[in-house]
Amino acid sequence: QDASTSVTVISGANMGGKTVALKVAGLFPLMTRCGILAPAREGTKICPFTRIMADIGDEQDIRGRVSSFSGHMMRIKTILDEVKAGDLVLLDELGSATDPEEGSALAMAVMDELIAKGARTVVTTHLTHLKAYAMGRGDVKNVSVEFHPQTMKPTFRLLYDLPGESHAIETAERIGLPSSVTDAARSYLDKAAGGSSQLL
């Protein structure tokens, strides 16, 4: 992140390297604080954040009546209670595991709060509303993970100022879902096409 960016929103293909990028964003400052050389280009600047807080992964607990969504919200509540200026916050798939409209609204409000508290934040998402949120603000940056169009594999490079597409159907195809399913998905997608494609 440059000095004027409070939040970086990373989007792009499934299995495209978003969570890898998120973890590297936290790992490099920790390596620097421990005196370990980071494998970065000469001249790279790494901020030694006061604290690094994260919500990565999915922890359900049926016995404790914790769904995927409520598990995320409980961790995010803890972060919002404790975060201060100078901290780094890493949020994987912010706003997921619930209705996309409500999840997006909550995610944008969480980012607003983190910006107000002076934290630096990196978010991964597939949600179109969050990509649009980043496009509409000067202190939020869209970044996409590069995905090779021929091999359909991640290059582990980041493309700045560009939201990315999820390529969910292609990923399902690569994993081996039957063509009857992926063809039907494409026909549903054609009928529902609009927001995401137009934004990109």
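Every heavy atom of this structure was used, including side-chain atoms; hydrogens, water molecules and symmetry mates were not. Just so we're clear, the structure is a prediction, and the values are computed from it rather than from any experiment.
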In a table with atom names and distances, give each donor-acceptor pair under 3.5 Å that connects a side chain of residues 103-115 to protein atoms at least two apart or in another chain.
unit_1	atom_1	unit_2	atom_2	d
Ser104	OG	Pro100	O	2.7
Asp112	OD1	Tyr133	OH	2.6
Asp112	OD1	Arg137	NH1	3.2

Per the salt bridge (Lys or Arg N to Asp or Glu O under 4.0 Å) rule, what does the pair list look like for residues 3-17, sequence neighbours excluded?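 Sorted result for residues 3-17: empty, none.
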Other residues, nucleotides, ligands: >12 heavy atoms within 6.0 Å of Arg51 CZ: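 Atom CZ in Arg51 is packed in, count exceeds 12.
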With distance as the sole test, does [X] use its side chain to make a donor-acceptor pair with the main-chain N or O of [Y] at under 3.5 Å?
{"X": "Asn14", "Y": "Ser166", "value": "yes"}
{"X": "Thr124", "Y": "Glu93", "value": "yes"}
{"X": "Asn142", "Y": "Lys131", "value": "yes"}
{"X": "Thr125", "Y": "Ser11", "value": "no"}
{"X": "Arg120", "Y": "Thr8", "value": "no"}

Enter the distance from [X]:[atom1] to [Y]:[atom2] here, rounded to the nearest 0.5 Å.
{"X": "Glu165", "Y": "Glu170", "atom1": "CD", "atom2": "CD", "result": "8.5 Å"}
{"X": "Lys45", "Y": "Thr32", "atom1": "NZ", "atom2": "OG1", "result": "14.0 Å"}
{"X": "Leu162", "Y": "Met135", "atom1": "CG", "atom2": "CE", "result": "8.5 Å"}
{"X": "Met53", "Y": "Lys84", "atom1": "CE", "atom2": "NZ", "result": "8.0 Å"}
{"X": "Ile175", "Y": "Met15", "atom1": "CD1", "atom2": "CE", "result": "5.0 Å"}
{"X": "Arg174", "Y": "Thr182", "atom1": "CZ", "atom2": "OG1", "result": "13.0 Å"}

Considering all heavy atoms of both residues, which atom of [X] and which atom of [Y] are nearest to each other, and what is their separation?
{"X": "Pro39", "Y": "Met31", "answer": "CD-CE, 3.9 Å"}
{"X": "Cys47", "Y": "Pro29", "answer": "O-CB, 3.5 Å"}
{"X": "Thr50", "Y": "Ala85", "answer": "OG1-O, 4.5 Å"}
{"X": "Phe49", "Y": "Arg33", "answer": "O-NH1, 2.6 Å"}
{"X": "Leu80", "Y": "Lys117", "answer": "O-NZ, 2.8 Å"}
{"X": "Leu88", "Y": "Ala25", "answer": "CD2-O, 3.5 Å"}

Any side-chain heavy atom of Tyr160 sitting closer than 4.5 Å to one from Leu158?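 Contact flag for Tyr160/Leu158 side chains = yes.
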Side chains of Glu101 and His129: does their closest heavy-atom pair fall under 4.5 Å?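 Answer yes - side chains close enough.
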Given the rule that I, L, V, M, F, W and Y join up when any side-chain heavy atoms are under 4.5 Å apart, are [X] and [Y] in one cluster?
{"X": "Phe28", "Y": "Val7", "answer": "no"}
{"X": "Phe69", "Y": "Ile76", "answer": "yes"}
{"X": "Met73", "Y": "Leu127", "answer": "yes"}
{"X": "Leu27", "Y": "Ile52", "answer": "no"}
{"X": "Leu177", "Y": "Ile169", "answer": "no"}

Just distance, no hydrogens or angles: give the donor-acceptor pairs under 3.5 Å from side chains in residues 17-24, sequence neighbours left out.
unit_1	atom_1	unit_2	atom_2	d
Lys18	NZ	Gly12	O	3.3
Lys18	NZ	Ala13	O	2.9
Lys18	NZ	His126	NE2	3.4
Thr19	OG1	Asp92	OD1	3.2
Thr19	OG1	Asp92	OD2	3.3

